[in-house]
Amino acid sequence: MSPTKSLNPVPIKERMKVPRQHMLEQEPLLRAANFKEVNLGYPEELARREAQRCLECAKPVCINDCPVGVKVKDFVQLIVAGDFMAAAAKIREDNVLPAITGRVCPQEDHCEGGCLLGKKVQPLGIGYLERFVADYEQQHMDRSTIRKAPPSGKKVAIVGSGPSGLTAAGDLVQKGHEVHVFEALHELGGVLVYGIPEFRLPKQIIREQIDYMRAMGVHFETNVVIGKTVTINELMEEEGFDAVFIGTGAGLPVFMGIPGEHLNGVYSANEFLTRINLMHAYEFPRFDEPMLDFRGKNVAVIGGGNTALDAIRSALRLGAGKAYVLYRRSEAEMPARKEEVKHAKEEGIEFRVLTNPIEFLSDGKGWLSGVRCMQMELGEPDASGRRRPVPIEGSEFEIPLSVAVIAIGTSANPLIQSTTPGLATNKRNYIEADPETQRTSRKGVFAGGDIVTGSATVILAMGAGRRAAKSIHEYLTSGEW
Amino acid sequence: MFKILHAEFIAPGIKRFVIQAPRIARKQKPGQFVILRVYEEGERIPITIEKSDPGQGTINIVVQSIGKTTHLLNSLETGESIRDVVGPLGKASEIEKIGTVVVMGGGVGTAMAYPTAAALKRAGNHVISIVGARAKELVILEREMREVSNELLITTDDGSYAEKGFVTDKLRQLIDSGTQIDLVLAIGPIPMMRAVADLTRGHKIRTVVSLNPIMIDGTGMCGGCRVLIDGKSEFACVDGPEFDAHRINFDVLIQRNAMYRAAEQKSFEDFQRERESLLAKVHAEQEAECILQGGER
């Protein structure tokens, strides 16, 4: 229920004059040498002041622009009223992972993108406020008060514990279904754990959100590779699951297919980040997973997305002397979150845009010594609508490097498709699912997130998980396919 | 946690574990492997499954102490447990009736060759097995290999048992004596597999080897285990672990396997120094986990 009368002490006309409240953050030079979280959060006072900037639009677009439909205006008003726990509960009606989305969502593309304030001044800090509320809830809640829904008698298997799977699990368990989440790795969280570094999303936050889901009644089983350890058919026919949601994520790393990719020192972003995030290689030798010695070395990442920035900022924290982002288009086309680009630049990362690697160079002993690149210019728009980068004749140059990380995207992991008869895929081997209901070609099987769309964002995967949960619930209650 | 139902050394530094892993046991096929992690701060390492018993819900693995992780693993006893075991991973060996097959196991590789040898025999092939080790006490699975082979040949590098020499010497003798060989399967140290590939290439004998490069997730996600096959990258974890030996770029394989040598050396030295305290930590972790059991594994 949204408050009918505004409790906001700041008159509407004055709100535009209040500047967007800055998130406290670690100093760039300090944080570039540690893996601790960059953003430090809002204290209560700043959160309330920021919340007071909300114009309380009669028809708020922020809600429409949210892939999971968080009732932004309502929760912001509850912050204004000082009832932070109620604000958290309001977010949880639509988003089971608020502490995560508050940190990693590209808010400029969603809630904050349409914010009316943004037309004149800076948009409302919705992400910051969501994070504040989620962290407040974590510190103040009593998990024993979490209520479980009466059991429906139906069992749902969730394949993958990433953002889409966790969201579907959270929504379904609240409907009383028995939910089992299967994870291939030894730790829960999927890309949130192996992909996003500690300095952007601390592991502790993910653990807390998962503990919350466990308290809601979700069952988790790690070390199960669906398609290998057990198949979708076996889950449904032998283990008694009434429905399955596939949220296995993007899958295989794409390499560039240029000479020298096998050299020691050339990584896929998936491997590089998995070593650091999942395996804690940055804490070697306390953890056993090794990493190359980066101290004083030149390191480059190839690509311009969030993964690329996560990788290069990690390399910097491992002591890299020079850290480059090599991106073939211009900065305007970079898909990374704006805040990450800003943070990376503050930390001293050098952006070499319109730069396309064409060969990795060897030191003659099997190790990377550099990269040969072409300078690019922007031509006509391509299929993605962005201007196509075109090589400039005779512009080749070399950059000396010890480590290169390839972060140009992923392709579909075929493990499930190849072991699930009758599961339709598209020509790139992603699973076909209805964009509204997330239904696949197999009765009782739903899919969503990157395994359907290809690489996207945490919040878009969560949106798919949410739609899937809704239609799984409909299917389980009506029995109709 | 995955319970170790039985653990025993079958040769110096080589230990067999019987592990409770019902899901894996049900699905395992010859040639497949598991990835395991001994404790919370541990790395993930791939180990080929020797055999499984779906009825008992167990899998067997045979582990040779080489670096820190394998030494630590081989310090675990019956009744203890391994933090994480996931699988079965990789493609199963191609098993078909093709005629005469030479199965070669070098050192601990014999344990990995064994399930495939058994399956090839069951499929009606004439199986000639060649088992090699550095010395007598390191010859493993002799009885098991004899059971699944029409002929079993054994070599030791130092001549302390059976015939002195390398497994490749035996293979060469077979080829020279005119034995019609339709397939060679060789599993062992990289230099051995490479020597086999070099020998059979000229004779145009189809040769398959099982690779064990550095891996993390084992599901195709990281690409760390990529090997150059005919100049193209393939992933040992999902495209392998078995590959046509004549198409493998062994130089790149050796070079990539040496990528973390300095760190591995440091880990091992630390381990030797701090073995007791690390074991105490692992035991404490097992105990804590035991108390927490009842939730997910």
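Order of the sequence lines sets the chain letters (A, B, ...), proteins ahead of strands, with each chain counted from 1.
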*Does the side chain of B:S75 come under 3.5 Å of the side chain of B:R275 through a donor N or O and an acceptor N or O?*
yes
*According to the interplanar angle, ranging from 0 to 90°, do the rings of A:Y267 and A:F272 count as parallel (below 30°), tilted (30 to 60°) or perpendicular (above 60°)?*
perpendicular
*Top of A:H280, A:E239, A:R286 for chain B proximity - count of heavy-atom pairs under 4.5 angstrom*: A:E239
*For A:N264, is it the side chain, the backbone, both, or neither that has a heavy atom closer than 4.5 Å to a heavy atom of chain B?*
both
*Is B:R26 salt-bridged to A:E234, going by a charged N under 4.0 Å from an acidic O?*
yes
*Could you look at B:Q28 and say if it's the side chain, the backbone, both or neither that has a heavy atom under 4.5 Å from chain A?*
neither
_Only pairs of heavy atoms separated by less than 4.5 Å count here; which of A:K365, A:E238, A:E283, A:E187 has the most with chain B?_
A:E238
*Pick from B:V85, B:D270, B:V238: which one has the most heavy-atom pairs with chain A under 4.5 Å?*
B:V85
*Against chain B, label A:L185 side chain, backbone, both or neither, depending on which of its atoms sit under 4.5 Å from a heavy atom there.*
both
*Side-chain donor-acceptor pair under 3.5 Å between A:E183 and A:T222, yes or no?*
no
*asked:* Between B:E41 and B:K281 (salt bridge meaning N to carboxylate O under 4.0 Å), is one present in this structure?
replied: yes
*Counting only heavy atoms closer than 4.5 Å, note whether B:S233 contacts chain A via side chain, backbone, both or neither.*
neither
*asked:* Quick test of your reading of the model: are B:E242 and B:K91 salt-bridged, counting only N-O distances below 4.0 Å?
replied: no
*Out of A:T231, A:I451, A:T425, A:I246, which residue meets the side chain to side chain contact (heavy atoms under 4.5 Å, CB included) rule with A:I416?*
A:I246
_Parallel, tilted or perpendicular, as decided by the 30° and 60° cut-offs, for the rings of A:F241 and A:H180_ = perpendicular
_At a 4.5 Å cut-off on heavy atoms, which part of A:H186 comes close to chain B: side chain, backbone, both, or neither?_
both
_Distance-only polar pair, side chains of A:D288 and B:Y39, donor-acceptor under 3.5 Å_ = yes
*Could you tell me which portion of A:V191 (side chain, backbone, both or neither) has an atom closer than 4.5 angstrom to a non-hydrogen atom of chain B?*
neither
_So for B:I214, is it side chain, backbone, both, or neither that comes closer than 4.5 Å to the heavy atoms of chain A?_
side chain
*Would you say the side-chain atoms of B:S65 and B:T70 include a donor-acceptor pair closer than 3.5 Å?*
no
*Identify the residues of residues 253-267 of chain B whose heavy atoms come closer than 4.5 Å to a heavy atom of chain A, ordered by number, or report 'none'.*
B:Q255, B:R256, B:M259, B:Y260, B:A263, B:K266, B:S267
